[in-house]
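Here the structure comes first, spelled out in structure tokens, and everything after it is commentary.
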Amino acid sequence: MAFDFATPIERRHPNGGWASQKWHRYADDVLPLWVADMDFHSPPAVIEALHARVSHGVYGYGEVPDTLTETLCEWSADHYLWPIQPEWQQWLPGVVPALHLAALALTAPGDGVLTVTPIYPPFLAVAERTGRLPQQAALATPVSADDSWRLDIGALEAAVTPQTRLLLWCHPHNPTGRVWSHGELAALAAFVERHDLWVVSDELHCDLLLDEGAHHQPLVAAFPALAKRTITLWAPSKTFNLAGLTTACAVIPDESLRKRFAQAAKGLLPDGNVLGLVAAEAAYRHGDPWRQALLGVLREHCATLKARVATWPGVEMSPPASTYLAWLDMRQAGLGESPQASLLEQAGVALSDGAAFGHPGFVRLNFGTTASQLEAALARMDTLLAG
């Protein structure tokens, strides 16, 4: 089956009617390449399943169906070689709520919550929002255009304290797109056990590895000893463009840990989104051909972006090995303290500001859009950046 990733889809609607954060945050003449939301139709199987569920006409409180938990077990075994169980799954409305719930369930006020920067902004907000102590360690920056961002265990050791109880980890990494090596993960696992930490492993982008033939290995699958202290977060939202249906899953092998997490959720989270659960099952059961076609498109767009960045003096990009997000170093691009603001005001292109990720002077660019929309945005950026 052929899938259309080339035809632009109208996402701006009068008076905010089908409001899209991505397309409504800025003026109509701005091209948005910021939030992690693709400009593609979701898989046809998902759309068909939603049509069927909507036509039923009753949208009362729902339960997570056994068919969904079984489908995720099959997906994990087939794609990650990790045999999980249905009872390990805690379905909830999003990965960001899960990060906060983990802090509430596993730490006490004043405990330290450690993150590694640059990082997806909600990570940086968890500690403050839950009354915990924010702690940060920086990744090692690339030393050349061919280098990658790397885990710096020394920085983690310098940041950890006796108050540290929880590590928020991103695997693969948002915003750099880094797929961690086994050696890096082994060092991380040893660090976690050495300091007796809980871990939340956000693996939201794990189904979007860009290297041909690459396969994701969950942190707990690689290091089973971590199962008693780790919550793994998955969702169909980024892979299949379902973020607005607010459905994610916390996979928790340890029964005691699972009970603590579930107890923390009581009264804070709504019941499952009945449409989101339907979409998740259809995506994981029938969406892989679409995902494979999407990966081909994303590889092409990433190559296009890499070639364009090479023509922009003072701009560096370590090509992502996963996701549809690129992390650009613009500190030497001559755009002032906020390259994001300069590109928005002078070129009409909206990117994510690196300051929100803990790294001012950087921007995150979403190339999960049509080739024509990407080219239009890059052409605008040329006006400020091309040598």
Side-chain angles (χ1 to χ4, degrees), residues 4-12 20-40 118 141-149 174-178 208 210 294-357 359-387:
D4 183 4
F5 296 100
T7 303
I9 301 167
E10 178 55 55
R11 299 189 64 191
R12 283 196 178 101
S20 158
Q21 289 186 29
K22 182 177 184 179
W23 286 85
H24 282 142
R25 173 160 296 186
Y26 299 102
D28 287 352
D29 60 347
V30 170
L31 294 178
L33 300 182
W34 62 289
V35 70
D37 169 342
M38 294 186 289
D39 293 314
F40 305 129
T141 57
V143 296
S144 69
D146 297 324
D147 194 17
S148 299
W149 291 79
N174 174 6
T176 69
R178 180 70 202 283
L208 296 176
L210 299 178
L294 169 68
L295 286 171
V297 172
L298 296 181
R299 291 181 188 114
E300 293 176 0
H301 290 191
C302 187
T304 296
L305 178 60
K306 180 181 178 182
R308 200 59 147 264
V309 169
T311 70
W312 294 341
V315 181
E316 299 287 344
M317 180 183 84
S318 181
S322 66
T323 82
Y324 45 83
L325 306 168
W327 185 238
L328 308 183
D329 182 351
M330 292 194 163
R331 291 173 296 177
Q332 305 302 318
L335 297 184
E337 293 185 2
S338 177
Q340 185 270 348
S342 295
L343 287 164
L344 177 62
E345 295 166 6
Q346 300 179 50
V349 177
L351 307 181
S352 297
D353 190 346
F357 297 74
H359 274 50
F362 289 75
V363 295
R364 192 188 70 175
L365 184 152
N366 175 353
F367 55 86
T369 189
T370 62
S372 60
Q373 288 171 322
L374 178 62
E375 174 55 37
L378 296 181
R380 291 187 182 190
M381 294 174 70
D382 279 342
T383 63
L384 291 183
L385 298 169

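Excluded from the calculations below are hydrogen atoms, water molecules and symmetry mates; all remaining heavy atoms, backbone and side chain alike, are included. Throughout, residue positions are numbered sequentially from 1 according to the sequence presented.
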Please round to the nearest 0.5 Å and tell me the distance separating atom [atom1] of [X] and atom [atom2] of [Y].
| X | Y | atom1 | atom2 | result |
| --- | --- | --- | --- | --- |
| Leu374 | Leu33 | CG | CG | 6.5 Å |
| Arg380 | Leu385 | CZ | CG | 14.0 Å |
| Met381 | Gln346 | CE | CD | 12.5 Å |
| Leu351 | Leu328 | CG | CG | 7.5 Å |
| Tyr26 | Leu31 | OH | CG | 12.5 Å |
| Glu316 | Asp329 | CD | CG | 6.5 Å |

* For Leu378 and Leu305, run side-chain contact (heavy atoms from CB on, under 4.5 Å): C-alpha distance rounded to whole Å, both residues' side-chain angles, the deciding distance at 0.1 Å, then the answer. => CA-CA 8 Å; Leu378 296 181; Leu305 178 60; 3.8 Å; yes
For the backbone of [Y] and the side chain of [X], can you confirm whether one donor and one acceptor N or O come within less than 3.5 Å of each other?
| X | Y | answer |
| --- | --- | --- |
| Trp34 | Lys22 | yes |
| Asn366 | Val35 | yes |
| His301 | Thr369 | yes |

Are the side chains of [X] and [Y] in touch, meaning some heavy atoms are under 4.5 Å apart?
| X | Y | value |
| --- | --- | --- |
| Asp37 | Arg11 | yes |
| Leu210 | Leu295 | yes |
| Leu294 | Leu208 | yes |
| Arg178 | Pro142 | no |

Just distance, no hydrogens or angles: give the donor-acceptor pairs under 3.5 Å from side chains in residues 317-324, sequence neighbours left out.
| residue | atom | partner | partner atom | Å |
| --- | --- | --- | --- | --- |
| Ser318 | OG | Asp147 | O | 2.7 |
| Ser322 | OG | Gly177 | O | 3.1 |
| Thr323 | OG1 | Leu325 | N | 3.0 |
| Thr323 | OG1 | Leu325 | O | 3.3 |
| Tyr324 | OH | Ala36 | O | 3.2 |

Please give me the minimum heavy-atom distance between [X] and [Y], naming the atom from each residue.
| X | Y | answer |
| --- | --- | --- |
| Ala386 | Pro313 | C-CD, 4.1 Å |
| Val363 | Pro339 | CG1-CB, 4.3 Å |
| Gln340 | Ser352 | CG-C, 4.1 Å |
| Gly368 | Leu298 | CA-CD2, 4.1 Å |
| Pro118 | Thr176 | CG-CG2, 4.1 Å |

* Asked: If you draw a 6.0 Å radius around CD in Glu375, do more than 12 non-hydrogen atoms from other residues or ligands fall strictly inside?
  ->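 Yes, enclosed.
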* **More than 12 heavy atoms from other groups under 6.0 Å of CD on Glu10** => yes
* **Which residues share a side chain to side chain donor-acceptor pair (under 3.5 Å) with Asp29, sequence neighbours left out** =>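 Counting only residues at least two positions away or on another chain, Asp29 forms no side chain to side chain donor-acceptor pair (under 3.5 Å).
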* Any side-chain donor near an acceptor of the partner, Asn174 and Trp327, under 3.5 Å ->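 On atom types as modelled, these side chains do not qualify, holding no pair under 3.5 Å.
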* Establish, yes or no, whether a centroid distance under 6.0 Å links the rings of Phe357 and Trp149. => no
